[in-house]
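Since the structure comes first, as structure tokens, the remarks are kept for the end.
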2 protein chains.
Amino acid sequence: MNNVIIETLAPIFTIEDSVFKILLVRKKTEPYKGYWILPGGIVNDDKTINECISENVLEQAGIDNLNFEQSYVFSDLDRVPDKRVIAVSLISIVDEFKIKSHQVSTNYEVAWFPIDQLPKIGYDHSNVIDVAISQLKIKLNQSKTLQQIFPSDFTLPEIQKIYEQVSAKELDRRNFRKKFLKLDLIEETGYKAQSVTGRPAKLYRFKQDIENVILF
Amino acid sequence: MNNVIIETLAPIFTIEDSVFKILLVRKKTEPYKGYWILPGGIVNDDKTINECISENVLEQAGIDNLNFEQSYVFSDLDRVPDKRVIAVSLISIVDEFKIKSHQVSTNYEVAWFPIDQLPKIGYDHSNVIDVAISQLKIKLNQSKTLQQIFPSDFTLPEIQKIYEQVSAKELDRRNFRKKFLKLDLIEETGYKAQSVTGRPAKLYRFKQDIENVILF
DNA sequence: ACAAAAGTGTTAACTTTACACCCATGT
DNA sequence: ACATGGGTGTAAAGTTAACACTTTTGT
């Protein structure tokens, strides 16, 4: 006998003003009515897990064309009340610009939360989010992941702040710059960022067809 | 409607005489009768995926008390003929000594194959094995993984050969030795390996409670 | 002119690489 | 005694780490 249901869950991350954020949707029905949960849904027999999560994220969060990478499978017997549901979690990383220009409205209440200021989370999704965050930090050591967050212009201080958060220690600005530039992954755009205060930083972009190298 | 079945699959690796091997079982029934496949089985609603794979591996391969780490989820619609089966693959790494002293006989035909000399493989398990091998190579850069393969004595040339296979390039013996010893993970046992030819190598063991560091 | 953050260069410490000879064992 | 593979040291090149002053902008 086999009453196992399989669902997908999508921790979707972005960075806004050097703050890591995750997208959550508010649950409209019991159980956990009013709580925030990850987008996702049941896998039917005519869909792969990638098709399933893409459709659910579009329907619930209004974002299309994301890339997903497998995070982890959660199979505890009591992770969903009264049913046996195994969850496959799939991480996506999206840039600020894509969200602002492409996210469409849905029938769901959707919001981005800083990862250290999460609301009340339903089911075992706190656990799913914790696992995804620790994997996100590992992924951010790869140049291709960084490129997903910064497909267009960025400044070196912005990137430095990411690494200071990921490694939880401060880095020397001069050494960071030297090391990063030596990798030969990025080039100056010739433009400068808008400075809020202080000297404006140079804007850089990733070169085309970069290698996926370990950064730090 | 939901006719999705979930199964576990276990690529189990060991190293014998510096050769990477994987454990396979011969399928006794159609489809793929006579082909070799990974141990594993259907997940019922009263088992986590870890419980499921542990029981299946014990029953089929006769090995108990393995540690498993998630590899990947395979959800292509046609990966199993006539049914919709999603597979969760879980890698285990086991040492030669444990196999020889603890593996018990089962009703299955079981064998270890060098990973570059695989037999005829059933279902999509070639693909599952390929994914597992590439992840195994990444894992072998961690000290804890190496310790799983060498819980007791080993020689430095043995370990060097592993890295030469993983990185597909030759390393200098003197530099390898210096770098590895400097990590302060291992200690001399005072004994020497049996030499087939040439000077016998010193035997080392891992220290207790080592850090899980990146090796190369 | 001042506050705020970005940009830049040099030196010392450390790590990595390249390289050749001797040692312990079995035959 | 010889063949085979293991063990050892040193010097040059490259990388990382430590450190302070100047520049550009907004107010």
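Protein chains get the first letters and strands the later ones, always in sequence-line order, with residue 1 at the start of each.
Both A:K192 and A:K182 lie close to DNA chain D; mapped to their nearest nucleotides by heavy-atom distance, the more 5′-ward contact belongs to A:K182. When each of A:V196 and B:G198 is assigned the nucleotide of DNA chain D bearing its nearest heavy atom, the one mapping closer to the 5' terminus is B:G198.
Ring-plane geometry between A:F216 and A:F180 is classed as parallel, the angle between the planes falling under 30 degrees on a 0 to 90 degree scale with a further cut at 60. Note: A:F154 and A:F206 have tilted aromatic rings, judged against thresholds of 30 and 60 degrees for the angle between ring planes. Between B:F113 and B:W36, the ring planes lie perpendicular to each other; the angle is over 60°, past the 30° to 60° tilted range.
Side-chain to base pairing of B:R173 with D:dG7: one donor and one acceptor N or O lie within less than 3.5 Å of each other.
We find that CG of B:L156 is positioned 17 Å from P of D:dG5, with the value rounded to whole Å. Look at CZ on A:R177: it is 12 Å from C1' on D:dT23, rounded to the nearest Å. Computed from coordinates, the B:Q160 CD to D:dG7 P distance equals 10 Å when rounded to whole Å. Here C:dT8 presents its P atom at 14 Å from CG of A:N175, a figure rounded to the nearest Å. Going from atom CD of A:E170 over to atom C1' of D:dA18 covers 15 Å, rounded to whole Å. Rounded to whole Å, the distance from CZ on B:R199 to P on C:dT25 is 8 Å. Taking atom CZ of residue B:F154 and atom P of nucleotide D:dG6, one finds them 15 Å apart after rounding to whole Å. Remark: C1' of C:dA5 and CD of A:Q194 are 15 Å apart, rounded to the nearest angstrom.
The listed nucleotides are D:dG6, D:dA20, C:dA24; the one nearest the side chain of B:A201 is D:dG6. Nearest to the side-chain atoms of A:T197 among the listed nucleotides C:dA4, C:dA20, D:dG7 stands C:dA4.
In this structure, A:K202 reaches the C:dT8 phosphate: one of its side-chain N or O atoms is under 4.0 Å from OP1 or OP2.
Remark: aromatic rings of B:F13 and B:F20 are distant, center separation not under 6.0 Å.
Across A:E158, A:E188, A:E187, a single residue satisfies salt bridge (charged side-chain N to carboxylate O under 4.0 Å, His left out) together with A:K202, and that is A:E188.
Looking at heavy-atom distances under 4.0 Å, A:K178 makes contact with a base.
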